[in-house]
Participant: 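Quick one: this structure, given as structure tokens, is what I'll be asking you about.
Please read all numbers here as calculations on a predicted model, not as lab measurements. Letters A, B, ... mirror the listed sequences (proteins, then strands); counts begin at 1.
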Protein chains: 2
Amino acid sequence: MPRRHQQPGDNALAQAPAGQGLQVKGRIWLERDGQTYLSWGRVVLLERIGQAGSVAAAARSMGMSYRHAWGLVREMNQAAGLPLVERRAGGQGGGGAMLTEAGQGEVTNFWALAEQFQAWLSARRPRQPGDALPRG
Amino acid sequence: MPRRHQQPGDNALAQAPAGQGLQVKGRIWLERDGQTYLSWGRVVLLERIGQAGSVAAAARSMGMSYRHAWGLVREMNQAAGLPLVERRAGGQGGGGAMLTEAGQGEVTNFWALAEQFQAWLSARRPRQPGDALPRG
DNA sequence: CTACGATATGTTTTACAAAACATAACGCAG
DNA sequence: CTGCGTTATGTTTTGTAAAACATATCGTAG
């Protein structure tokens, strides 16, 4: 698979109303002690883990390698300081994973933040290059 | 030089007040017809070209290869539809470059947007994982 | 006409993240 | 105790953007 991770338009955080070709884009994420904790892709992953009941299925559903998803889950759990995803290996169905209540909370919280950001972006209208500057 | 392009903290757009280790970060940029037009690094480059009087000196001053800076200037001029930077090869000092009025305007405009974004980010305070969700 | 320092590009190398590949271990069902 | 699909990792490959390298050209000064 060619490298296709976050292309424009994928990102719910990146859209803006487009003032004819020119648009303000942006992205937000949460960091914990300098390392990325939650971002758009990570939260989608969490969400799908919650839906699918396994990291493997969630990863498959979004064209992500299990190896990568696994690493992200690990990082997120660690950075959160408490598990957002609980996993078990073996057992019926081979095992699985589920979002904890804290994990669900983080998802909800992040989407709320994202929505606010989206609203903020939507309120901006980029000035065309060459247009007069606002007086100062 | 090792690859070090935009690390956390470099980016004037990325800071937030830090709710003890956990912080909201973000980045904004302008796109024109889907391609990046202005971003933090690009605007710094423009600014320094204005100060230094040449693309080469500006690039040097920020540890960027001339080759790369040249490409960025080219892209920005093209995407703007009018020159933000005017260059001349040869002549006294070997040549040089300067910001056009439009270029200066874009810089000013971008920093204004960045400042608004910074203010927006600063107003967010991330909820700690595990904290109760706002009721809903 | 030569030297200088810049612009202008083409070409090659490198660094790194993501992807791909490869196993091991787990634990219940049958 | 075997099979299954998952979690759990280590290892290798690959795709890509940036960096590095290499020239050619430009135009004024001397």
Participant: Kindly indicate whether the side chain of Leu113(B), heavy atoms from C-beta on, has any atom under 4.5 Å from the side chain of Arg124(A).
Facilitator: yes
Participant: Partners of Arg87(B) by salt bridge (Lys or Arg N to Asp or Glu O under 4.0 Å), sequence neighbours excluded?
Facilitator: none
Participant: Short of 4.0 Å, heavy atom to strand atom, which residues of residues 83-92 of chain B count as contacting DNA chain C?
Facilitator: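 Contacting residues: Arg87(B), Arg88(B), Ala89(B), Gly90(B).
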Participant: Do the side chain of Thr36(B) and the main chain of Glu31(B) share a donor and acceptor less than 3.5 angstrom apart?
Facilitator: no
Participant: Filter on side-chain hydrogen bond (donor to acceptor under 3.5 Å, both in side chains), then keep only pairs touching residues 69-82 of chain B, sequence neighbours left out; what's left?
Facilitator: Arg42(B)-Glu75(B)
Participant: Are the aromatic rings of Phe110(A) and Tyr37(A) close, with centres under 6.0 Å apart?
Facilitator: no
Participant: Excluding sequence neighbours, so at least two apart, what forms salt bridge (Lys or Arg N to Asp or Glu O under 4.0 Å) with Arg48(B)?
Facilitator: none
Participant: For Ser65(A) and Gly93(A), take the nucleotide of DNA chain C holding the closest heavy atom to each; which residue's nucleotide lies nearer the 5' end?
Facilitator: Ser65(A)
Participant: Choose from dT6(D), dA20(C), dT7(C) the nucleotide whose nearest atom is closest to any side-chain atom of Arg67(A).
Facilitator: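 Nearest to the side-chain atoms of Arg67(A), counting from C-beta on, is dA20(C).
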Participant: Checking contacts here: which listed nucleotide (dA19(C), dT7(C), dA18(D)) is nearest the side-chain heavy atoms of His68(A)?
Facilitator: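 Looking only at heavy atoms from C-beta outward on His68(A), the closest nucleotide is dA19(C).
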Participant: Kindly indicate, with the supporting measurements, whether the criterion side chain to side chain donor-acceptor pair (under 3.5 Å) is fulfilled by Ser122(B) and Gln118(B).
Facilitator: CA-CA 6 Å; Ser122(B) 296; Gln118(B) 173 61 37; 3.1 Å; yes
Participant: Does the cation-pi check pass for Arg27(B) over Trp29(B), that is, NZ or CZ under 6.0 Å from the six-membered ring centre and within 45° of its axis?
Facilitator: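 No.
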Participant: Among residues at least two apart in sequence or on other chains, which ones pass side-chain contact (heavy atoms from CB on, under 4.5 Å) with Met98(B)?
Facilitator: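 Testing Met98(B) for side-chain contact (heavy atoms from CB on, under 4.5 Å), a comparison that skips the adjacent residues, returns Glu86(B).
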Participant: Residues of residues 69-81 of chain A with any non-hydrogen atom less than 4.0 angstrom from an atom of DNA chain D: list those, numerically ordered, please.
Facilitator: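 Close to the strand are Trp70(A).
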Participant: Hey, can you pull the residues of residues 43-55 of chain B with a non-hydrogen atom under 4.0 angstrom from DNA chain C?
Facilitator: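 Per residue number, the list reads Ser54(B), Val55(B).
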Participant: Side-chain donor-acceptor pair under 3.5 Å between Trp120(B) and Gln116(A), yes or no?
Facilitator: no
